[in-house]
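First comes the structure, then the notes that go with it.
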Number of protein chains: 2
Amino acid sequence: MPTKLSTAEENYLKAIYKQAEKGGAPVNTNAIARELSTAAASVSDMLRKLSAKGLIAYQKYYGATLLDEGNRIATKLIRRHRLWESFLVATLSFGWEEVHDLAEELEHIDSDLLIDRLDQFLGYPKFDPHGDPIPDRQGRYTLRVQHLLSEMPIQQHLTVVGVSNHDPEFLHLLKDLNIQLGTRLDIVQKFEFDDSLKVLIEEHTSVIISNRISSQLYVRPA
Amino acid sequence: MPTKLSTAEENYLKAIYKQAEKGGAPVNTNAIARELSTAAASVSDMLRKLSAKGLIAYQKYYGATLLDEGNRIATKLIRRHRLWESFLVATLSFGWEEVHDLAEELEHIDSDLLIDRLDQFLGYPKFDPHGDPIPDRQGRYTLRVQHLLSEMPIQQHLTVVGVSNHDPEFLHLLKDLNIQLGTRLDIVQKFEFDDSLKVLIEEHTSVIISNRISSQLYVRPA
DNA sequence: ATATATTTTTAGACAAGACTAAAAATAATT
DNA sequence: AATTATTTTTAGTCTTGTCTAAAAATATAT
């Protein structure tokens with residue numbers, strides 16, 4: 001039953017997983033095509049194949065949903081991706097804006113032993129360098145307490161726990177602001193007219209942050 | 001010029017490199033086919049392609065030789081392979097008999113930065129878990145003082161520095177004999193009739209070792 | 001409800017990389 | 001040197017995954 005999948009097939013499953021996570025099920029063809037930067041026709045083809053393999057439920061002109069086995073595989077890929085990202089940052093000193101593409105390749109190396117050893121070596125991290133939860137061997141996630149910074153009231157003692165945008169440029173910008181995972185923030189003031197915030201970073205630097213940024217930053221109290 | 005190669009192309013270059021190393025140049029089609037467990041016809045095809053890309057010199061019915069660029073790439077692949085093997089053994093506690101296939105996949109991940117960081121993290125090892133030299137960024141090898149155990153005279157104070165056979169079964173057998181890289185040996189006696197050796201391992205255990213084994217074990221004095 | 005726009009699927013082509021079977025070249029033998 | 005054996009190449013086919021263009025289905029708008 002657990003027949004070895006190609007890199008392409010794995011990427012489709014992951015794309016469906018991601019789209020379902022944000023857009024809900026069923027996932028339509030165009031969304032997958034966009035996610036994978038591929039033609040819609042290619043997606044149709046692949047959905048037929050994945051359906052034949054029992055990994056997804058697929059109805060023409062309607063959409064696709066992951067079945068149990070497909071969901072298991074997608075979750076495993078996400079586990080691998082996030083563990084590799086953690087490794088690259090924690091062990092090989094990469095920046096959080098540099099690791100996505102490498103992890104995208106590393107995640108396709110198919111060895112449970114490898115990934116479990118890596119997990120052990122890293123000390124069973126619960127979150128990756130972007131603050132996203134790392135599924136355990138059974139595919140279970142640790143929930144993260146997260147609020148968008150943009151939606152918090154004026155408040156002191158916040159901690160950055162994640163970002164919803166993994167774009168290298170965005171991450172680099174945060175780096176320049178001295179904002180990273182674990183950084184402590186206080187919201188000092190809110191400006192109605194453009195929804196920007198005045199924020200104190202690490203009780204140190206005071207900056208104005210646009211809504212563009214604050215709406216992609218997850219924080220938790222304390 | 002340095003156009004991205006496919007995994008298949010990379011494997012062919014490595015196969016040519018390996019065969020040239022042992023059999024000398026030029027490397028003939030069948031040798032490559034055997035090395036890669038592929039049909040000779042597929043090899044012919046690929047040699048034409050690699051030749052067109054300027055990576056190898058190829059004459060029909062004669063054989064193939066790596067050109068500078070091909071040699072550079074093959075050496076880089078070997079560097080990656082051996083560094084990943086080192087990582088798996090040193091950092092993730094894999095046995096030396098378990099790492100080949102994983103490294104075979106990992107070596108195709110194309111990032112000089114990744115591999116240099118890995119090298120740094122491991123402390124710039126000169127030899128991999130099988131005792132094979134790891135090329136540096138410039139492709140330079142550290143030479144290893146090596147003699148086949150089978151060709152040494154009765155002598156004390158030898159150290160195991162490598163194996164010429166990477167077969168998991170062979171490596172496992174050595175493990176059972178408590179022989180690994182760095183193990184100290186004394187040749188106590190030589191038996192003419194079957195070229196077996198009586199060997200003292202770590203001034204501890206005395207065993208008879210067949211020529212089959214001793215002719216695949218590299219040692220150096222002291 | 002009919003026409004228009006959008007999305008999705010089908011149809012047909014292509015490239016990479018593999019295979020088998022047959023032909024051609026080279027090597028080995030008598 | 002002629003015949004046989006081996007190696008290598010060519011020719012043709014297959015699979016995977018992609019594409020474009022056209023057809024079909026669904027959704028939107030008048």
Side-chain angles (χ1 to χ4, degrees), chain A residues 3-16 19-20 22-66 70 73-74 77 104-105 107-108 110, chain B residues 3-16 19-20 22-66 70 73-74 77 104-105 107-108 110:
Chain A
T3 176
K4 177 114 173 54
L5 298 186
S6 70
T7 296
E9 290 171 318
E10 290 187 340
N11 284 335
Y12 275 95
L13 290 179
K14 224 179 34 153
I16 296 167
Q19 288 302 318
K22 80 159 73 147
V27 177
N28 51 297
T29 304
N30 262 353
I32 301 170
R34 249 191 317 277
E35 173 84 30
L36 296 176
S37 305
T38 189
S42 311
V43 177
S44 281
D45 264 12
M46 186 57 96
L47 292 183
R48 211 174 12 79
K49 291 181 200 167
L50 293 175
S51 177
K53 293 196 181 189
L55 301 172
I56 66 171
Y58 169 53
Q59 275 181 261
K60 294 207 280 193
Y61 296 102
Y62 175 66
T65 321
L66 289 180
I73 294 170
L77 287 165
E104 206 71 15
E105 297 193 55
E107 74 191 12
H108 295 294
D110 189 32
Chain B
T3 174
K4 177 117 173 53
L5 299 185
S6 70
T7 297
E9 290 171 316
E10 290 187 341
N11 284 336
Y12 275 96
L13 290 179
K14 223 177 39 151
I16 296 167
Q19 288 302 317
K22 79 159 73 148
V27 177
N28 50 297
T29 304
N30 262 353
I32 300 170
R34 250 191 315 278
E35 174 84 29
L36 296 176
S37 306
T38 189
S42 311
V43 177
S44 281
D45 264 12
M46 187 56 96
L47 292 183
R48 210 173 13 79
K49 290 181 201 166
L50 293 176
S51 176
K53 293 195 180 189
L55 301 172
I56 66 172
Y58 169 53
Q59 276 180 261
K60 296 208 280 193
Y61 296 102
Y62 176 67
T65 319
L66 289 179
I73 294 169
L77 287 165
E104 206 71 16
E105 298 193 56
E107 75 191 12
H108 294 294
D110 190 32

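A, B, ... follow the sequence lines: proteins, then strands. Residue 1 opens every chain.
- Of all nucleotides in DNA chain C, those with any atom nearer than 4.0 Å to a heavy atom of chain B start and finish, going 5' to 3', at C:dG17 to C:dT26.
- If you take OH of A:Tyr12 and P of D:dG17, they are 9 Å apart, rounded to a whole angstrom.
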Taking it one step at a time, do A:Leu50 and A:Tyr58 satisfy side-chain contact (heavy atoms from CB on, under 4.5 Å)?
CA-CA 9 Å; A:Leu50 293 175; A:Tyr58 169 53; over 6 Å; no

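- What separates CE of A:Met46 from P of D:dT15 is a distance of 16 Å, to the nearest Å.
- A distance of 9.5 Å separates CG in A:Asn30 from CD1 in A:Ile32, rounded to the nearest 0.5 Å.
- The two atoms that bring A:Glu107 and A:Asn11 nearest to each other are OE2-OD1, 4.1 Å, heavy atoms only.
- Comparing A:Lys49 and B:Lys60 along DNA chain D, the residue whose closest nucleotide (by nearest heavy atom) sits nearer the 5' end is B:Lys60.
- Residue A:Ser42 places at least one side-chain N or O closer than 4.0 Å to OP1 or OP2 of D:dC19.
- Taking each heavy atom of A:Ala74 and A:Leu13 in turn, the nearest pair found is CB-O, 4.0 Å.
- Residue B:Thr29 is classed as a sugar-phosphate contact, given heavy-atom separations below 4.0 Å to backbone atoms only.
- Distance A:Tyr62 OH to D:dT26 P: 13 Å, rounded to the nearest Å.
- A:Asn28 comes within 4.0 angstrom of the backbone, heavy atoms only, and of no base.
- The shortest non-hydrogen separation linking A:Glu104 to A:His108 is O-CD2, 3.0 Å.
- Across all strands, A:Tyr58 comes closer than 4.0 Å only to sugar-phosphate atoms, never to a base (heavy-atom distances).
- Here D:dT16 presents its C1' atom at 13 Å from CG of A:Leu5, a figure rounded to the nearest Å.
- Remark: P of D:dT15 and CG of A:Asp45 are 15 Å apart, rounded to the nearest angstrom.
- Considering only side-chain N and O atoms, B:Ser44 lies nowhere under 4.0 angstrom from the phosphate OP1 or OP2 of D:dT10.
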Working note: B:Thr38 + B:Tyr12, criterion side-chain contact (heavy atoms from CB on, under 4.5 Å); need CA distance, chi angles, decisive distance, verdict.
CA-CA 11 Å; B:Thr38 189; B:Tyr12 275 96; 4.0 Å; yes

Using the rule given for side-chain contact (heavy atoms from CB on, under 4.5 Å), can you reason through B:Leu47 versus B:Ile16, listing the C-alpha separation, both sets of side-chain angles and the distance that settles it, and then say yes or no?
CA-CA 10 Å; B:Leu47 292 183; B:Ile16 296 167; 4.0 Å; yes

